[in-house]
There are 2 protein chains.
Amino acid sequence: MQKITILGAGLVGSLLSIFLRKKGFQVEVFEKRADARKATTYPGRSINLALSRRGWSALEKVGIAQKVSEIAIPMYARMIHTLDGKKNQQPYSLHDSTKAIYSISRLELNKLLLNEVENLGVDISFETKCTKIEIESNILGFRNKENEYVKVQPEVCLSADGAFSLLRSELIKLDKVDYTQTYLEHGYKEFHIPEDENRAWKMEKNALHIWPRDSFMLIALPNLDGSFTCTLFLQNKGDISFEKLSNITDGKLFFEKYFSDALELMPDFEDQFLNNPVSSLATMKVFPWHKNNFCLLGDAAHAIVPFYGQGMNCGFEDCDIFDSLITSETQNLTSIFAYFQQLRKPNTDAIAQMALDNFIEMRDLVTDEHFLKLKKLESHIIKNISKTWLSQYEMVTFTSIPYAEALENGKINKLKLEFLLENFGTEVSLEQFNSF
Amino acid sequence: MQKITILGAGLVGSLLSIFLRKKGFQVEVFEKRADARKATTYPGRSINLALSRRGWSALEKVGIAQKVSEIAIPMYARMIHTLDGKKNQQPYSLHDSTKAIYSISRLELNKLLLNEVENLGVDISFETKCTKIEIESNILGFRNKENEYVKVQPEVCLSADGAFSLLRSELIKLDKVDYTQTYLEHGYKEFHIPEDENRAWKMEKNALHIWPRDSFMLIALPNLDGSFTCTLFLQNKGDISFEKLSNITDGKLFFEKYFSDALELMPDFEDQFLNNPVSSLATMKVFPWHKNNFCLLGDAAHAIVPFYGQGMNCGFEDCDIFDSLITSETQNLTSIFAYFQQLRKPNTDAIAQMALDNFIEMRDLVTDEHFLKLKKLESHIIKNISKTWLSQYEMVTFTSIPYAEALENGKINKLKLEFLLENFGTEVSLEQFNSF
């Protein structure tokens with residue numbers, strides 16, 4: 001069996017190691033950060049994650065879904081916080097109110113995965129930064145913990161080194177490699193709502209809270225310890241923007257005006273506002289993903305914005321699909337790269353697009369009257385007309401239907417819903433439904 | 001006055017040095033290649049260039065247009081070579097048949113510019129490759145001819161280091177920098193038609209020759225020595241493609257079928273076909289162009305495909321506009337970066353688009369009946385209805401109207417021409433013309 005070199009021991013790199021080790025490959029992993037299991041915070045990344053069907057499928061396949069479920073909190077609905085202080089729930093599944101997406105801590109999940117990796121006998125070199133990749137001469141150079149330079153000539157190198165992947169930055173220097181990175185006008189800042197005196201949640205635990213405010217929004221996901229992690233998404237520049245919130249007075253006024261119920265739950269708001277950084281959001285696309293015996297996976301191949309909660313799920317699905325292409329006939333892992341890319345690229349492009357589109361829906365449409373009518377019609381159809389009708393959200397979140405299909409079907413659904421709503425209102429009959 | 005460090009002594013870097021030296025700045029230039037004046041061929045780049053109005057304007061401004069004109073050959077028209085062996089001329093200007101674009105050798109033009117740079121007392125370090133750029137700590141690292149490492153802390157660094165710019169590759173690692181590189185499905189291969197026994201041109205000298213063949217084309221530009229440089233633009237893959245022309249037999253059959261008159265003029269076709277490489281074509285866009293005291297210009301900021309003959313002209317216009325923003329009030333050159341970018345970015349985006357569009361026109365539409373009718377109508381309008389009517393091609397090539405305006409006006413022109421042609425045919429009256 002070949003020896004596989006994996007760059008990155010984050011979520012995707014770790015899960016990939018588990019898949020490949022279970023297939024019998026020898027696996028070595030290099031990670032520039034310190035061992036996440038010794039950390040208390042996760043540097044430089046959002047700590048909010050929502051695990052959904054595609055992620056679970058991959059975890060089930062390697063037999064660790066049960067363990068992961070012990071550190072995950074189901075969220076059955078969006079809890080919308082309106083400007084006038086009201087709350088209303090929108091269930092995620094129109095078919096089955098027990099269906100949920102699962103809030104999970106990036107750090108805890110990474111720790112769990114790293115334990116699994118090591119239990120399988122995989123060697124992980126932490127604090128070992130890849131500083132050089134020469135694709136044509138097949139050389140990886142690392143600077144290790146002892147500040148020594150280590151050279152590796154990988155048989156196969158899989159790069160799950162994230163949105164700022166070194167392999168990708170080398171790949172795009174090669175001939176005929178297309179690449180796009182596009183930053184959002186919005187940045188984000190994280191806040192923390194601590195647990196109450198009884199170590200319980202101060203808001204509904206089993207929901208993803210959203211404060212949609214047109215051009216910006218606040219969201220909150222529950223943590224195991226009774227706290228919530230909130231994220232404010234706001235334009236970097238403009239009339240209402242991070243730039244304008246340059247001091248604590250303006251920051252507090254802004255929260256009082258738009259998120260007063262959340263503000264009340266943050267006793268140390270001022271500290272958080274002053275100390276938490278504003279981070280950026282970008283979509284990154286590259287093609288091809290592979291060259292010689294090097295291949296990108298996860299965010300390194302397709303970094304997306306977080307508004308569909310699919311970044312990790314898509315990365316885990318990468319691992320799942322990559323694994324499924326390995327058969328007993330596979331002599332050389334590099335032989336599946338082209339097919340892997342061909343299968344995945346249209347789908348990762350599709351989720352990149354849907355993630356951008358969903359930002360509009362989350363911050364704006366969830367309170368829009370027309371949008372609510374469409375949702376009402378869709379709910380009516382599922383309850384009374386067609387049990388097989390699936391919303392785009394459900395296809396993406398609760399099935400493994402390829403993303404590109406979900407995008408396409410979602411467009412057709414939308415046309416159909418608009419047609420039905422305009423002609424028959426929200427309570428269509430079966431005959432009317434079939435007239436489209 | 002500030003000391004300006006310029007990366008690259010190609011066409012744009014050289015002309016920029018001249019502009020800035022003439023403004024009184026101290027200028028130092030670093031170039032990774034050997035001195036072009038010692039070379040006989042230009043490594044790695046197309047040797048065909050067409051100088052037009054924007055390029056001449058910049059050269060006039062620094063007083064070297066006359067010198068350059070001595071090594072340039074006017075091309076007044078497109079000479080279309082049809083598949084059945086016929087030829088027809090389409091003049092570039094519908095107003096004035098003496099208007100031309102000028103064929104010039106990249107190497108000869110670069111030599112001329114380098115002489116001017118050195119005559120102005122500018123120090124150029126050849127064979128000195130920039131190997132490191134640290135934008136935040138303001139460090140440039142070079143490997144010089146003696147293989148020594150030289151460190152420079154520039155006061156101002158202007159990077160005219162081409163489509164594969166090192167500064168750009170560092171810039172795109174920074175937060176909130178958008179970037180796109182998109183390769184064309186077509187590649188190109190150069191061929192050479194030698195001069196005849198009397199050292200004269202075997203085809204019409206004062207024309208740009210085009211063999212349009214729908215999805216591909218051959219072009220030829222005259223050289224001073226009586227030869228022509230031809231470029232074949234062809235898809236890399238597909239039914240008719242470089243991939244399919246894998247041996248000399250297929251290559252020759254292909255030329256016999258599509259470019260027989262050109263083939264007859266190439267006695268060493270087989271050698272050329274086998275030895276000349278297939279090169280790639282890409283569009284590259286980045287934003288912003290500058291950070292701290294570093295700024296991109298020319299191809300480094302906006303590499304475009306060659307089909308409008310505007311790459312060099314656009315780069316020269318960059319220099320011209322950059323220079324025009326420097327006033328006696330300018331204490332620090334970095335203070336004009338933001339305004340320079342704001343002025344230029346919409347225009348370089350526009351020429352990138354028009355260059356892609358013009359490929360369709362060159363390879364396809366010049367023989368398309370509808371296109372020819374539109375051209376006939378446009379010609380009629382200029383001759384008989386409105387002397388102020390300008391085609392997009394003329395705006396781009398014979399004026400300094402900002403590219404973005406040329407793109408916009410070109411679209412409006414097209415709508416108007418389509419409307420007039422559909423309603424009144426190719427011989428409209430003034431009244432009909434004014435009815436749109």
Side-chain angles (χ1 to χ4, degrees), chain A residues 32 44-45 129-134 161-189 233-238 241-243 277-289 291 300 303 305 338 342 345 349 352 356, chain B residues 32 44-45 129-135 161-189 234-238 241-243 277-289 291 300 303 305 338 342 345 349 352 356:
Chain A
K32 68 176 176 194
R45 294 295 299 274
K129 187 180 176 180
C130 187
T131 55
K132 184 189 259 188
I133 300 181
E134 291 179 4
D161 51 346
F164 300 95
S165 166
L166 182 63
L167 176 58
R168 195 193 59 221
S169 76
E170 288 303 313
L171 203 57
I172 66 171
K173 292 177 188 166
L174 302 181
D175 192 30
K176 299 197 194 78
V177 177
D178 286 348
Y179 177 64
T180 306
Q181 64 186 36
T182 313
Y183 281 82
L184 217 61
E185 286 177 7
H186 291 69
Y188 70 92
K189 189 188 264 239
F233 296 97
L234 176 65
Q235 282 189 293
N236 291 308
K237 293 180 178 182
S241 68
F242 280 117
E243 194 184 49
V278 176
S279 303
S280 295
L281 299 161
T283 302
M284 296 169 177
K285 295 181 181 177
V286 60
F287 191 84
W289 290 358
K291 174 78 185 182
V305 295
Q342 190 189 328
K345 174 70 175 163
D349 282 353
L356 286 165
Chain B
K32 70 177 175 196
R45 295 295 298 273
K129 187 180 175 179
C130 187
T131 55
K132 183 189 258 187
I133 300 181
E134 292 179 3
I135 296 172
D161 52 347
F164 299 96
S165 165
L166 181 64
L167 176 59
R168 196 195 57 221
S169 75
E170 288 302 315
L171 203 56
I172 66 172
K173 293 177 187 166
L174 302 182
D175 191 32
K176 298 195 194 79
V177 177
D178 286 349
Y179 177 62
T180 306
Q181 64 186 37
T182 313
Y183 280 83
L184 217 61
E185 286 178 8
H186 291 70
Y188 70 92
K189 190 188 263 241
L234 177 65
Q235 281 187 293
N236 290 308
K237 293 180 178 181
S241 67
F242 281 117
E243 194 182 49
V278 176
S279 304
S280 295
L281 299 161
T283 302
M284 297 169 175
K285 294 181 182 177
V286 60
F287 190 84
W289 290 357
K291 174 78 184 181
V305 294
Q342 189 189 331
K345 174 70 173 163
D349 282 352
L356 287 164

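Chain A is the first sequence line, chain B the second, and so forth, proteins listed ahead of strands; every chain is numbered from 1. Since this is a predicted model, take the numbers as computed values, not measurements.
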Which heavy atom in B:L174 sits nearest to a heavy atom in A:Y183, and how many Å separate them? O-OH, 3.8 Å

Could you tell me which non-hydrogen atom of A:N236 sits nearest to which non-hydrogen atom of B:K176, and how far apart they are? ND2-CE, 3.3 Å

May I ask you to check whether over 12 heavy atoms, not counting those of B:K345, lie within 6.0 Å of atom NZ? yes

Measuring from atom NZ of A:K285 to atom OG1 of B:T180, what distance do you get when rounded to the nearest 0.5 angstrom? 10.5 Å

Should the heavy atoms of other residues, nucleotides or ligands under 6.0 Å from NZ of B:K189 be counted, would the total exceed 12? yes

For A:I172 versus B:I172, what's the shortest heavy-atom pair and its separation? CD1-CD1, 4.0 Å

